[in-house]
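First comes the structure, then the notes that go with it.
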Amino acid sequence: MSGPAAGALPGPLVDTDWLAPRLAAPGLVVLDASIGEHRAAGERIPGARPFDIDGALSDHSGPLPHTMPGADHFTRELRALGVNDGDTVVVYDGAGLYSSARAWWMLRAMGVDRVAVLDGGLPAWRAAGLPWESGAPVAAARPGDFTARPRPGLIVGSDEVAAALTDPASAVLDARTRDRFAGAVAEPRPGLRPGHMPGALNLPFGELQRDGRMRPASQLRDAFAPLAGERRRLVFSCGSGVTACILALGAELAGYDDLAVYDGSWSEWGLPGAERPVVTGPQSGGAQA
């Protein structure tokens, strides 16, 4: 007997109880967005296809890591994964909930409405006693017909971030750890200046999670409210545009809907020759009316 159809997503986050009975449903695509050691481990939810942020799903023509590819490139790669327009897409990663948020935001930025993140990722799947597989992933049976339809404003550059830093209706939130934000430790990418953007606020992505899962919406609202205040336009940054997307996911779950991710993040802003201002020390302010 077949399981239930994919149906409507309950929101931008789904759990294993939602996904497991729908795993083979027509029109449901599961994408493994693991990076680094978790991708190298080669373990996945059965049938998951590789959304390779370290590889084909980034633009490698420039010097910055994890750069959003253009619409034609994105279309080609998603079709190769067998994704069709109208499919329901669930993304996850092997860390719990880390790079999957980046995949979710990229898909949103390219016009995909029916996409969600698996809360807890592969660790939650395995902890639930559900089957998993290893080895090389199986390619899609046939190419999909997906076409990217970019949404302006969801992925932004340094000029938009600079404008947001002085806009009383916007807040720029940095997802890096407090030590990195303050410039108290060296950046993990050699050569970057330590510190943060003047006027940026710090919300480390780990504070939105517990045991690899997102905190309840009420707790997420409590985390954002002191920083955002009455400001509804939130722009997120991090080291290379990955964990900023965890803040974007948390903000959407908390009820915010005017969100953007700075694609270059500190890998661009912190460059010695970037001519962008950098300050050190703890953040100087919080919410403004």
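Any value given below was found using the heavy atoms of this structure, including those in side chains, with hydrogens, waters and symmetry copies removed. Numbers here simply count residues along the sequence, with the first being 1.
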Mind checking whether [X] and [Y] sit in one hydrophobic cluster, side chains of I, L, V, M, F, W, Y counted as touching below 4.5 Å?
X: V278; Y: L173; value: no
X: Y256; Y: M214; value: yes
X: L57; Y: Y98; value: yes
X: V156; Y: L64; value: yes
X: L259; Y: L203; value: yes

Could you walk me through whether E252 and W104 pass the side chain to side chain contact (heavy atoms under 4.5 Å, CB included) test, one step at a time?
CA-CA 12 Å; E252 180 157 321; W104 167 77; 3.8 Å; yes
Shortest non-hydrogen contact from [X] to [Y]?
X: R221; Y: A254; answer: CG-O, 3.2 Å
X: P10; Y: W18; answer: CD-NE1, 3.6 Å
X: S100; Y: A33; answer: CA-CB, 4.0 Å
X: L165; Y: P198; answer: CD2-O, 3.5 Å
X: R193; Y: E187; answer: O-CG, 4.0 Å
X: I246; Y: L208; answer: O-CD1, 4.0 Å

May I ask you to check if R44 and W132 form a cation-pi contact, with NZ or CZ under 6.0 angstrom from the six-membered ring centre and within 45° of the axis?
no
With heavy-atom distances below 4.5 Å as the criterion, would you say the side chains of [X] and [Y] are in contact?
X: R178; Y: P282; value: no
X: W125; Y: P46; value: yes
X: V90; Y: L31; value: no
X: L78; Y: F51; value: yes
X: M197; Y: D174; value: no
X: L122; Y: D93; value: no
X: T88; Y: V115; value: no
X: L253; Y: L13; value: yes

Just how far is it from atom [atom1] of [X] to atom [atom2] of [Y], taken to the nearest 0.5 Å?
X: H73; Y: M110; atom1: NE2; atom2: CE; result: 9.5 Å
X: T280; Y: H196; atom1: OG1; atom2: NE2; result: 7.5 Å
X: L28; Y: L9; atom1: CG; atom2: CG; result: 8.5 Å
X: L97; Y: F205; atom1: CG; atom2: CZ; result: 10.0 Å
X: N84; Y: D145; atom1: CG; atom2: CG; result: 4.0 Å
X: W105; Y: L249; atom1: CH2; atom2: CG; result: 9.5 Å

[X] side chain to [Y] backbone, donor-acceptor under 3.5 Å:
X: D119; Y: V14; answer: no
X: R231; Y: L227; answer: yes
X: R79; Y: F146; answer: yes
X: D263; Y: G157; answer: no
X: E133; Y: G47; answer: yes
X: N202; Y: R176; answer: yes
X: S265; Y: C238; answer: yes
X: D179; Y: A182; answer: no
X: S267; Y: G239; answer: yes
X: D85; Y: T147; answer: yes

Closer than 4.0 angstrom, basic N to acidic O: yes or no for [X] and [Y]?
X: R276; Y: E268; answer: no
X: E207; Y: R215; answer: no
X: R213; Y: D211; answer: no
X: R39; Y: D54; answer: no

No-hydrogen, no-angle side-chain donor-acceptor test under 3.5 Å, [X] and [Y]:
X: R233; Y: S170; value: no
X: R102; Y: T243; value: no
X: H38; Y: D32; value: no
X: S61; Y: D59; value: yes
X: S240; Y: R189; value: yes

May I have the step-by-step check of side chain to side chain contact (heavy atoms under 4.5 Å, CB included) for R49 and V30, ending in yes or no?
CA-CA 6 Å; R49 306 167 196 173; V30 179; over 6 Å; no
Report the C-alpha distance between T67 and H60 in whole Å, list the side-chain angles of each, state the deciding distance to 0.1 Å, and finish with yes or no for side chain to side chain contact (heavy atoms under 4.5 Å, CB included).
CA-CA 7 Å; T67 300; H60 299 282; over 6 Å; no
Pair Y262 and F236, ring centroids less than 6.0 Å apart:
no
How far apart are the C-alpha atoms of V261 and L154, what are their side-chain angles, what is the distance that settles it, and do they pass the side chain to side chain contact (heavy atoms under 4.5 Å, CB included) test?
CA-CA 6 Å; V261 168; L154 272 68; over 6 Å; no
